[in-house]
Trainee: 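To start, I am sharing the structure in question, which I have written as structure tokens.
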There are 2 protein chains.
Amino acid sequence: MAKKKNTLIPESTEGRTRVVIEHVIPEINEGRFAVKAVPGESIHVEADVFCDGHDHVMVRLLYKHADDNDWSEIGMALINNDRYEVDFTVEKQGHYLYTIEGWVDHIDTWQHDTELKIKAGQRVPLELLMGANFLEGMLDKATAEDKPLIEEAIEIMRNEHRNEDARQLAMSFRMTEWLQRYPERKFVTRYRELPVYVDRAKAGFSAWYSMFPRSSAPEPGKHGTFQDQIKLLPRVADLGFDVLYLPPIHPVGHQFRKGKNNVVTAEPGEPGVPYAIGSELGGHDAINPDLGTLNDYKQLIAAAKEFGMEVAMDLAIQCSPDHPWVKSHPEWFSIRPDGSIQYAENPPKKYQDIYPINFESPDWQGLWLEMRRILLLWAEWGTRIIRVDNPHTKAFSFWEWVIAEVKAQYPDMIFLSEAFTRPKVMRQLAKVGFSQSYTYYTWRTAKWELEEYLTELTQSDMKYYYRPNFWPNTHDINPYLLQGGHEPYFLIRYFMAATMSSNYGIFGPTFEYMIHEAYPGKEEYLNSEKYEVKHWDWKRETKLTYLIRIINRLRHENTALQFTNNLQFCRIDNENIVAYTKIHTNGNRILCVVNLDGYNTQSGWVQLPLRLLGKNEYDYFRVHDLVTGAMHTWQGEWNYVELNPHILPFHLFRVEDLN
Amino acid sequence: MAKKKNTLIPESTEGRTRVVIEHVIPEINEGRFAVKAVPGESIHVEADVFCDGHDHVMVRLLYKHADDNDWSEIGMALINNDRYEVDFTVEKQGHYLYTIEGWVDHIDTWQHDTELKIKAGQRVPLELLMGANFLEGMLDKATAEDKPLIEEAIEIMRNEHRNEDARQLAMSFRMTEWLQRYPERKFVTRYRELPVYVDRAKAGFSAWYSMFPRSSAPEPGKHGTFQDQIKLLPRVADLGFDVLYLPPIHPVGHQFRKGKNNVVTAEPGEPGVPYAIGSELGGHDAINPDLGTLNDYKQLIAAAKEFGMEVAMDLAIQCSPDHPWVKSHPEWFSIRPDGSIQYAENPPKKYQDIYPINFESPDWQGLWLEMRRILLLWAEWGTRIIRVDNPHTKAFSFWEWVIAEVKAQYPDMIFLSEAFTRPKVMRQLAKVGFSQSYTYYTWRTAKWELEEYLTELTQSDMKYYYRPNFWPNTHDINPYLLQGGHEPYFLIRYFMAATMSSNYGIFGPTFEYMIHEAYPGKEEYLNSEKYEVKHWDWKRETKLTYLIRIINRLRHENTALQFTNNLQFCRIDNENIVAYTKIHTNGNRILCVVNLDGYNTQSGWVQLPLRLLGKNEYDYFRVHDLVTGAMHTWQGEWNYVELNPHILPFHLFRVEDLN
């Protein structure tokens with residue numbers, strides 16, 4: 001038989017803490033990563049909170065900005081089944097924390113039980129004395145205004161001759177208010193602190209225009225410059241874009257320089273791929289002199305600002321064989337057994353013009369510090385948006401550190417992750433700090449694919465940390481659907497990108513001029529701008545340029561389109577039509593209907609979420625097509641739509657009340 | 001413009017750790033609580049594991065018993081989409097830990113890439129030299145057997161003249177084996193350690209028979225004793241039960257003693273409710289002398305053992321007003337403003353014969369230590385199973401501490417939680433240490449309710465920590481369905497309890513003799529045994545006693561019925577028939593079919609999980625009804641069943657191969 005041990009209860013235990021808090025949302029990896037938000041955004045918090053027995057619990061949400069000394073506190077409301085909820089609003093940019101506290105609310109339990117006894121006609125003299133004792137405990141905390149009232153209440157509850165007054169008082173709303181205001185906060189369970197990071201508004205709402213600055217010269221055959229680019233700003237601004245994104249602007253390497261259509265050896269005079277970064281003229285901290293000077297770059301940023309635009313740079317952490325680091329820091333690369341540096345490979349393919357960086361370098365700290373230096377340098381030069389090329393081939397821990405370091409000094413900095421890889425890797429990059437992320441949108445074309453993917457983005461945990469940025473094309477991707485050059489498909493893919501996601505972008509002018517010829521068998525452009533300088537007729541107008549202008553304007557005029565997670569699909573029994581609402585608490589209610597069939601007219605009955613639209617089954621209301629100006633009076637849940645893709649494959653309805 | 005800070009990289013950071021491990025199952029509240037198992041049970045572990053880029057990762061599960069010095073290690077296999085899995089088996093009772101390690105597997109990446117290059121016809125001299133270097137790194141760890149082979153391989157890979165041999169070697173399975181056996185374990189990510197608690201087998205497989213020992217006297221009108229109880233052991237053992245559970249056996253209080261049918265005042269000579277614990281004869285550490293002495297109790301335990309049975313005691317932490325603690329420890333109760341002790345209430349109802357314990361007592365430590373003393377005392381007297389009455393009205397932290405304390409000295413101890421309350425509270429009690437738990441089974445009667453509830457128990461996270469114990473009735477619950485006394489319903493409810501759940505129990509002989517008269521309007525028994533001494537004719541046999549004997553035997557003969565989480569429902573398009581399989585890896589395959597309609601014959605086509613049964617669509621096989629002995633030859637996925645409830649409302653089929 002075992003012998004008793006003299007185990008004592010650990011000193012640190014407070015055995016009277018009876019409340020459990022768990023299953024909190026939002027919460028990313030136990031609070032290791034921050035929930036993302038923009039100023040003014042409301043965060044919906046839920047948690048399971050319960051204690052043993054039948055006592056009531058008090059549940060409070062606490063939150064504060066990193067700059068605040070004190071926590072703000074709001075009560076959480078019971079949904080059902082021991083689950084509580086509340087919304088709180090983050091007003092300022094920066095780091096917030098939130099947590100939940102819960103404790104057994106003896107006073108509330110007392111009021112509830114006493115009320116039941118009074119209603120059952122019982123005498124409650126002891127209960128009234130207990131009430132008086134509870135009130136006495138509040139006196140220390142009470143305001144000057146409440147204090148005399150509470151003192152009076154105590155007297156009533158202790159006065160046997162005022163029994164009826166005391167009973168009324170015990171059940172009164174005033175009593176309830178005091179209980180809420182001056183809780184008996186004993187044996188509190190406090191949940192771990194969870195972080196929120198509030199970016200500036202642009203992180204949540206942006207329209208990107210991507211172009212190669214070297215293709216901006218007014219005359220054919222010339223290498224464009226930042227000064228040429230400045231002259232094109234009015235056009236981009238007029239289309240309604242607010243981020244101008246430029247592929248790398250550093251000196252381009254010479255060794256193994258690629259020619260037109262990615263041929264292995266460039267002809268003399270060919271400009272090379274801007275992603276083969278570095279030459280004798282410098283590396284990631286230098287500017288390609290063919291584009292201009294640092295001063296020109298700064299002028300471009302300043303000029304863009306006048307048009308309400310920002311310039312996004314491209315960060316591709318890789319080197320041409322001519323990059324200065326190859327000599328100064330060979331230890332940052334992988335070295336092969338013959339002492340040579342390992343070039344990029346995707347076996348059996350070889351990319352000898354690119355040396356990848358080895359993030360397992362023995363001098364990884366030196367590498368990290370150098371990257372920080374470079375990013376802070378570009379920040380100092382005015383850069384506030386960085387699109388990162390292939391971030392998924394660099395260590396997560398590096399991104400987590402460098403993004404935090406840069407944002408500590410430049411909180412306005414926005415990082416866009418260009419990772420097209422496995423889902424969990426893309427998510428992890430968003431978790432470690434990327435403000436926005438590319439998505440699989442480019443390849444989601446069928447109705448079920450779009451519904452499934454958008455539901456994942458906007459309804460799963462991803463909604464808390466992954467801000468999608470939708471692109472119908474990029475300079476790397478000429479999607480199969482668009483390779484036929486069929487105009488309705490360009491309209492469809494553009495429209496959904498710009499209305500499903502509050503952040504989106506196009507690679508222009510390839511997109512708006514419907515360039516579609518593909519490199520045979522690939523999802524890439526023939527005569528891709530990545531390998532050559534192009535010349536464009538910037539004055540040309542198309543149906544697309546016309547509609548882009550309108551849609552970008554409507555995005556600014558309709559708050560509901562400035563968010564992504566408010567998207568809800570509507571049922572419509574036609575596999576070729578997708579319908580979705582976007583609703584904002586300010587009353588802006590948008591309904592988009594898209595015909596995915598680029599060739600045939602499609603129709604169907606769309607089911608509206610009447611409750612969300614604030615309508616009843618028999619209400620009449622107006623749907624106002626903000627693109628065509630057409631207005632229809634609709635009634636009830638199911639309404640008819642019909643879309644001819646040769647005219648316009650989509651509706652952008654605003655739901656309006658009839659006068 | 002902000003100024004650069006000289007932030008350094010924290011010393012503790014290893015920036016080259018590239019692997020992420022997350023979303024591990026099983027994992028209960030981030031490892032705060034243990035997964036439950038029994039010896040020999042296999043635990044299925046899954047996790048998301050990935051790194052940046054395209055390198056391969058090595059993923060290993062590590063586990064150990066608390067008594068082991070070293071970790072056992074097994075490789076985890078990729079399912080898809082960066083998710084890995086493996087099973088490990090816990091052999092011994094006690095505490096286990098497991099965790100996951102992952103690292104970038106450069107050698108495996110090298111072999112994979114080299115193979116692609118070789119297959120593409122490329123020359124790979126540098127790759128072979130890299131291979132030689134990897135092999136060299138293994139020499140330190142290699143066994144005496146492997147070492148010379150590895151040395152030879154190195155020589156081949158470095159010999160330009162044995163290029164073809166080297167290429168074959170690089171791609172060889174032998175090379176792969178070495179890579180697995182001697183991994184280059186660098187920059188390892190290790191997940192947090194997660195606990196498993198392995199109980200003795202009885203915790204997972206038990207059949208309980210609950211009865212009042214005071215009703216065991218052979219003559220009517222006499223108070224039964226432990227010695228009388230001993231004489232009834234052959235009957236209970238013959239029915240096939242292995243746990244004999246007795247409601248509290250302590251002295252019963254006098255003040256406010258309840259009479260027959262719960263009347264407020266007992267007549268002289270009435271025995272009272274055994275839950276009103278304590279009198280001048282003692283409290284929780286004393287035995288009601290009407291039942292016998294401590295020695296009689298020990299004799300009962302010993303006698304039960306000879307019949308393969310154990311005795312479960314009842315722990316109800318509450319006191320009658322006559323309990324010794326009322327005088328010796330008034331601080332353990334709630335004191336009202338007039339100095340009196342607070343009795344139990346469920347406003348407006350009052351239970352003046354019961355004083356609840358106040359777990360927020362200033363002397364909570366004293367209370368905890370006293371409860372530990374009492375439990376260790378009963379353990380010393382031979383008790384190894386404790387059914388806890390209303391554990392949900394006592395603090396979770398108390399249970400967590402006291403169960404761990406008792407099991408540290410008596411690892412065989414089993415605790416059953418009798419909590420019928422909100423779902424999250426019931427779950428928390430299981431998490432903090434209860435070995436088994438009562439459930440809502442008693443009230444789940446419709447097919448959809450049973451399917452939904454059993455799916456929750458066996459497929460949600462609950463399967464890891466919540467061991468259900470199914471009861472068709474208890475001494476507190478006379479369910480409405482049984483109040484009509486309709487025999488088929490007794491058979492149905494009994495059969496499902498005993499075959500759905502590996503742990504179940506009945507309150508007898510009330511159950512097997514189909515006592516069903518209810519206290520009017522309540523789910524309680526009329527003339528309940530809680531308030532009076534009963535006398536039974538123990539020789540009486542019924543259809544139920546006949547079937548109980550058979551089912552209990554079949555539970556022992558069929559391993560598949562000794563587990564609960566292996567339950568899977570089968571489709572059958574009749575709302576009155578529920579069908580489920582239980583399959584064990586040893587080849588035991590059970591199919592249960594139950595007609596829920598107690599009055600009418602019901603039939604339908606049941607869909608079998610052929611793959612799980614190891615059958616193909618055209619295979620013939622036998623279903624053998626182990627209750628009636630009937631055998632049917634079935635074929636394929638859909639087969640016909642028909643059940644007349646007046647004959648037998650269920651099939652217990654064993655699926656057998658045809659010879």
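On a predicted model such as this, the values are computed, not experimentally measured, just so you know. Chain naming here is simple, since letters A, B, ... match the order of the sequence lines and numbering starts at 1 in each.
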Trainee: Just so I understand: if I count every heavy-atom pair under 4.5 Å between each of B:Arg336, B:Gln122, B:Glu115 and chain A, which residue has the most?
Mentor: B:Gln122

Trainee: Between A:Asp48 and B:Lys424, does any side-chain N to carboxylate O distance fall below 4.0 Å?
Mentor: yes

Trainee: Hey, which of B:His23, B:Glu127, B:Lys349, B:His106 has the most heavy atom pairs under 4.5 Å with chain A?
Mentor: B:His106

Trainee: Are the side chains of A:Trp368 and B:Thr13 in contact, using a 4.5 Å heavy-atom criterion?
Mentor: yes

Trainee: For the candidates A:Asn390, A:Leu126, A:Asp338, which exhibits the highest count of non-hydrogen atom pairs separated by less than 4.5 Å from chain B?
Mentor: A:Leu126

Trainee: Who among B:Lys119, B:Arg422, B:Arg16, B:Glu30 has the most heavy-atom pairs with chain A under 4.5 Å?
Mentor: B:Arg16

Trainee: CZ of A:Arg192: more than 12 outside heavy atoms within 6.0 angstrom?
Mentor: yes

Trainee: Pick one of side chain, backbone, both or neither for B:Asp113, based on which atoms fall under 4.5 Å of a heavy atom in chain A.
Mentor: both

Trainee: Answer whether the closest heavy-atom distance between the side chains of B:Trp399 and A:Asp52 falls below 4.5 Å.
Mentor: no

Trainee: Heavy-atom cut-off 4.5 Å, strictly under: side chain, backbone, both or neither for B:Val425 against chain A?
Mentor: both

Trainee: Tell me, side chain or backbone of A:Glu400 under 4.5 Å from chain B's heavy atoms, or both, or neither?
Mentor: neither

Trainee: Between A:Leu129, A:Leu116, A:Asp82, which has the largest tally of heavy atom pairs under 4.5 Å with chain B?
Mentor: A:Asp82

Trainee: Among A:Phe187, A:Phe396, A:Phe398, single out the residue with the greatest number of heavy-atom pairs under 4.5 Å to chain B.
Mentor: A:Phe396

Trainee: Check whether B:Thr393 gets within reach of chain A through its side chain, its backbone, both or neither, counting any heavy atom under 4.5 Å.
Mentor: both

Trainee: What residue, out of B:Asn29, B:Asp55, B:Thr421, B:Asn81, has the most heavy-atom pairs lying under 4.5 Å from chain A?
Mentor: B:Asn81

Trainee: What part of B:His54 lies closer than 4.5 angstrom to a heavy atom of chain A: side chain, backbone, both or neither?
Mentor: side chain

Trainee: I'd like to verify something: which residue of B:Pro347, B:Gly53, B:Ala419 has the highest number of heavy-atom pairs under 4.5 Å with chain A?
Mentor: B:Pro347

Trainee: Measure distances from B:Phe359 to the heavy atoms of chain A and classify the residue's part below 4.5 Å as side chain, backbone, both or neither.
Mentor: backbone

Trainee: Go through B:Gln365, B:Lys117, B:Met130, B:Gln428 and name the one with the most non-hydrogen pairs under 4.5 angstrom from chain A.
Mentor: B:Gln428

Trainee: Counting heavy-atom pairs closer than 4.5 Å to chain B, which one of A:Ala132, A:Ala120, A:Ala395 comes out on top?
Mentor: A:Ala395

Trainee: Could you tell me whether B:Arg32 and A:Glu22 have a side-chain N and a carboxylate O separated by less than 4.0 Å?
Mentor: no

Trainee: For the residue pair B:Thr17 and A:Ser397, establish whether any side-chain heavy-atom pair is separated by less than 4.5 Å.
Mentor: no

Trainee: For B:Arg18, which atoms come within 4.5 Å of any heavy atom of chain A: side chain, backbone, both, or neither?
Mentor: both

